[in-house]
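Okay, so here's the structure we're looking at.
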Amino acid sequence: MTVIAIDGTFASGKGTLARKLSEHYNLPHLDTGKLYRAVAKLVLDRKQDPADAKACTEAAQNISAAMLDDVALKSGPVGAAASKVAIHPPVRAALLEFQRNFASKGGVLDGRDIGTVICPDADVKLYINADPKQRAQRRHAELIGYGEDISLKTVLEQLKERDHRDANRPIAPLRPAADAHLIDTTNLSIERAFGAAVTIIDAVLAVKSAKT
Ligand code: DC
């Protein structure tokens, strides 16, 4: 049973990479950001405040797999609220079991704390990052594609705010695990980033299997 943990910054390309790796290694994929986005959407739909820990925890306790396919989870406002609901420790605790259950059958999980908290014993850990301006450009193009009316400047400001919040929360902050392999996708196409990831994963898995 192979577990591949992929963490990284917002719009670093980790989601696309995780999807491609799950196909390549024939493993199921969980985008854990969707769990936080689903909590955020529920809170916003109920006209509650993402800063309200109690409301967010109650929402987190009512998340099901069926809610994760909602395209509305991809919107900018839901993403921003997801980063806010994610700072509450009881929200993270409520979503832990879902993620560990998924990982127990083997898979590719991507998020912010997979290698550090959710799957500290993952077979391979990757940490994906890229220059903020490039990430903002990628995200801006994506949002325009969804029909949102937003400037590149605003996307860059929101991205920096999100990076800061994700990396500085007291519980499970975004950071590479000590044994994570770093990939900077700033000047890499999706194919090149995928190639780099496969090279790392194959090498790590080969060493592991030689030991057993
Ligand atoms: O990866 P994403 O943009 O869909 O994630 C949305 C927010 O959810 C992100 O800003 C922080 C939070 N998140 C988290 O705290 N832990 C995870 N494993 C995944 C996402």
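Note that ligands are numbered from 1 as they come in the structure, with each ligand's atoms numbered from 1 the same way.
- Closest to atom 12 (C) of ligand 1, if we only count protein heavy atoms, is A86 CB, 3.7 Å.
- Annotation: atom 8 (O) of ligand 1 to nearest protein heavy atom, Y36 CB, 3.4 Å.
- Ligand 1 places these atoms under 4.0 Å from at least one heavy atom of F10: 3 (O).
- With respect to atom 11 (C) of ligand 1, the closest heavy atom belonging to the protein is D166 OD1, 3.4 Å.
- Residue-ligand proximity, K14 to ligand 1, at heavy-atom distances under 4.0 Å covers atoms 1 (O).
- By the 4.0 Å N-to-carboxylate-O rule, K54 lies too far from E58 to be salt-bridged with it.
- Near S83, the atoms of ligand 1 lying under 4.0 angstrom from a non-hydrogen atom of the residue are 7 (C), 10 (O).
- Within the 3.5 Å criterion, the main-chain N or O of V155 finds no donor-acceptor partner in the side chain of H140.
- Using modelled atom types, no side-chain atom of T9 and backbone atom of S12 make a donor-acceptor pair closer than 3.5 Å.
- In this model, no donor atom of one side chain and acceptor atom of the other lie less than 3.5 Å apart for S83 and R162.
- Summarising the geometry, atom CD1 belonging to I6 is positioned 11.5 Å from atom SG belonging to C119; distances are rounded to the nearest 0.5 Å.
- The ligand atoms of ligand 1 that sit less than 4.0 angstrom from a heavy atom of G33 are 4 (O), 5 (O), 19 (C), 20 (C).
- With ligand atoms numbered from 1 in the order given, ligand 1 contributes 3 (O), 6 (C), 9 (C), 10 (O) to contacts under 4.0 Å with heavy atoms of R162.
- A donor-acceptor pair under 3.5 Å links the side-chain atoms of D7 to the main chain of G115, judged by distance alone.
- Using a 4.0 Å cut-off between heavy atoms, R169 contacts ligand 1 through its side chain alone, with no backbone atom that close.
- Nearest non-hydrogen protein atom to atom 19 (C) of ligand 1 is T32 OG1, 3.5 Å.
- Side-chain atoms of R92 and Y36 include a donor-acceptor pair closer than 3.5 Å.
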Next item on the list: Before giving the answer on side chain to side chain contact (heavy atoms under 4.5 Å, CB included), spell out for L21 and F194 the whole-Å C-alpha distance, their side-chain angles and the decisive distance to 0.1 Å.
Entry: CA-CA 7 Å; L21 291 171; F194 172 69; 3.7 Å; yes

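- Salt-bridge check for R139 with E142: passed, with a basic side-chain N closer than 4.0 Å to an acidic carboxylate O.
- Side-chain contact of Y127 with D184: a donor-acceptor pair under 3.5 Å is absent, judged by distance alone.
- With a 4.0 Å heavy-atom cut-off, ligand 1 is reached by no atom of R165.
- Annotation: atom 16 (N) of ligand 1 to nearest protein heavy atom, R92 NH2, 3.0 Å.
- Of the protein's non-hydrogen atoms, the one nearest atom 7 (C) of ligand 1 is A82 CB, 3.7 Å.
- Of the protein's non-hydrogen atoms, the one nearest atom 4 (O) of ligand 1 is R37 NE, 2.6 Å.
- Protein heavy atom closest to atom 9 (C) of ligand 1, with residue, atom name and distance, is R112 NH2, 3.4 Å.
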